[in-house]
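Note that this is a predicted model, so its numbers are computed, not measured. By convention in this document, chain letters (A, B, ...) are assigned in the order of the sequence lines, proteins followed by strands, and residues within each chain are numbered from 1.
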Number of protein chains: 2
Amino acid sequence: MQDLLFGFISKYISLTEDEKNAIVSLDIFRSFKKGTTLLGEGQKSKDSYFVLKGCIRVYYIIDGEEKTTAFYTEMDALTPHCVINNTPSGYFISCVENSLLLISNADMETEVNNKFPKFDTMCKLFSAELLVKQQMDFDEFKTSSPEQRYLNLLQKRPDLIQRVPQHQLASYLGIKPQSLSRLRARILEKKS
Amino acid sequence: MQDLLFGFISKYISLTEDEKNAIVSLDIFRSFKKGTTLLGEGQKSKDSYFVLKGCIRVYYIIDGEEKTTAFYTEMDALTPHCVINNTPSGYFISCVENSLLLISNADMETEVNNKFPKFDTMCKLFSAELLVKQQMDFDEFKTSSPEQRYLNLLQKRPDLIQRVPQHQLASYLGIKPQSLSRLRARILEKKS
DNA sequence: TAAAAACGTTCACTTAAGTTAAGAAAAACG
DNA sequence: CGTTTTTCTTAACTTAAGTGAACGTTTTTA
């Protein structure tokens, strides 16, 4: 299972066996059952997550309604706002599936960075990449209709459509579940 | 005019007179006329922008239509994607107003970082803050309707509504200019 | 495993945004 | 300074999403 992690890291930096062992010895792998809430609205936390297996979801509750804004699957990393600006979280994070996560916090990161300076290099590269990806996602969302967004998702993350409940997916696309059903029927009709 | 810059920097770190002079001597202030295109689609660039005065805009051209995704005004910073991942830009950047900008590139930044290590501290703080802000903007956009977005903008950036053409604003809100006109009329009606 | 809850789809109706077009107002330009 | 271009608004019509409700299916869970 750790191979997943080291495969991911190798995209940015190369690690010696010693370094790998040091990381493993941190004992930061945790598994959670489907439905587990990792972070609640209003809570503070110092933890960041890296998904090794499974799927986690970020959602708000606005007027009693869930609004899903993000799904994180294998090899995705999530650092909640509250970690960065030390304020109560505005949203919930929960497991869509049974998931194996890597959980890190600032203390642990500085410790690793001190031992292995190149780790800091990786973090910088990774966060720059993340910023760009996030910006591109935002732009894509803004510049397309719900139907286009759905078709895009079908291309880019086809797995999500299978593994995530439709009503969460609808919310993620910015529409109601009924509209997603209709939209899908419309697309099927066009094809034929 | 530089006071604007140093006032901004003082939110993150404190600078000596020597350090301020070193920054000024870099000669990185540039002014541009309204309508100037700073970056075109398909171009590569190494430059980042910091707005001291004025307003710049990011937009795509999709099916011959402008899609505005961001406005940057006083004390906002913009690092285009192409700078980070060294690929051709997917969008345009142009000046909505006559603008005074600070233009920096990676070479200059490493130079300054070497001379003044605390500058690096500021950059990290600043980019973490930016990431959070961007994420929050995205979430807000996703979880609200065009009308709510407009009302939000009215609260948070009332100046934008005055200084930016309506059709660019409409695009920024994810709707057509005609819909923005109608939406505003609807809001006025509700008030009375 | 039986009852309850959650989920997905369909339908009819409502509301809001897209589209096309026209005309008035403002800005840009020679 | 007048002309041209761009911008903004309004209107009528079309299209798609929101809403409320019904109903069958799947999943929970007691």
Ion pair B:K46/B:E109, N-O distance below 4.0 Å:
no
Are A:D76 and A:R157 within salt-bridge range, i.e. N to O under 4.0 Å?
yes
When the aromatic ring centroids of B:F126 and B:Y12 are compared, is their separation below 6.0 Å?
yes
Compute the ring centroids of A:Y172 and A:F71, then answer whether they are less than 6.0 Å apart.
yes
Whether B:F138 and A:F138 hold their rings parallel, tilted or perpendicular, with breakpoints at 30° and 60°:
parallel
Under the side chain to side chain donor-acceptor pair (under 3.5 Å) test against B:E97, which residue among B:R163, B:K34, B:R57 passes?
B:R163
In whole Å, what is the span from the [atom1] atom of [X] to the [atom2] atom of [N]?
| X | N | atom1 | atom2 | answer |
| --- | --- | --- | --- | --- |
| A:K176 | C:dC11 | NZ | C1' | 19 Å |
| B:E189 | D:dT10 | CD | C1' | 13 Å |
| A:N98 | D:dT28 | CG | P | 10 Å |
| B:E147 | D:dA17 | CD | P | 18 Å |
| B:E65 | C:dT19 | CD | C1' | 11 Å |
| B:I175 | D:dA16 | CD1 | P | 18 Å |
| B:L180 | D:dT7 | CG | C1' | 12 Å |

Among [options], which nucleotide has an atom closest to any side-chain atom of [X]?
| X | options | value |
| --- | --- | --- |
| B:R186 | D:dT10, C:dA16, C:dT10 | C:dA16 |
| A:H167 | C:dG8, D:dA16, D:dT9 | C:dG8 |
| B:Q178 | D:dC8, C:dG8, D:dA11 | D:dA11 |

Under a 3.5 Å cutoff, is there a donor and acceptor pairing between the side chains of A:D139 and B:Y60?
yes
Could you encode protein contacts along nucleotides 24-30 of chain C as a string, one character per nucleotide from 5' to 3', using B for base contact, S for sugar-phosphate-only contact and - for no contact, with a heavy-atom cut-off of under 4.0 Å?
----S--
If an axis is fit to five pairs at each end of the helix from C:dT1-D:dA30 to C:dG30-D:dC1, what is the angle between the two, to the nearest 10°?
60°
Indicate the atoms forming the closest heavy-atom contact of A:C95 with A:F32, along with that distance.
SG-CB, 3.7 Å
Work out which heavy atom in B:V96 is nearest to a heavy atom in B:V164; give both atom names and the distance.
CG1-CG2, 4.2 Å
At less than 4.0 Å, is any side-chain N or O atom of B:S179 found next to OP1 or OP2 of C:dA17? Yes or no.
no
Should B:R182 be listed as having a side-chain N or O under 4.0 Å from OP1 or OP2 of D:dC8?
no
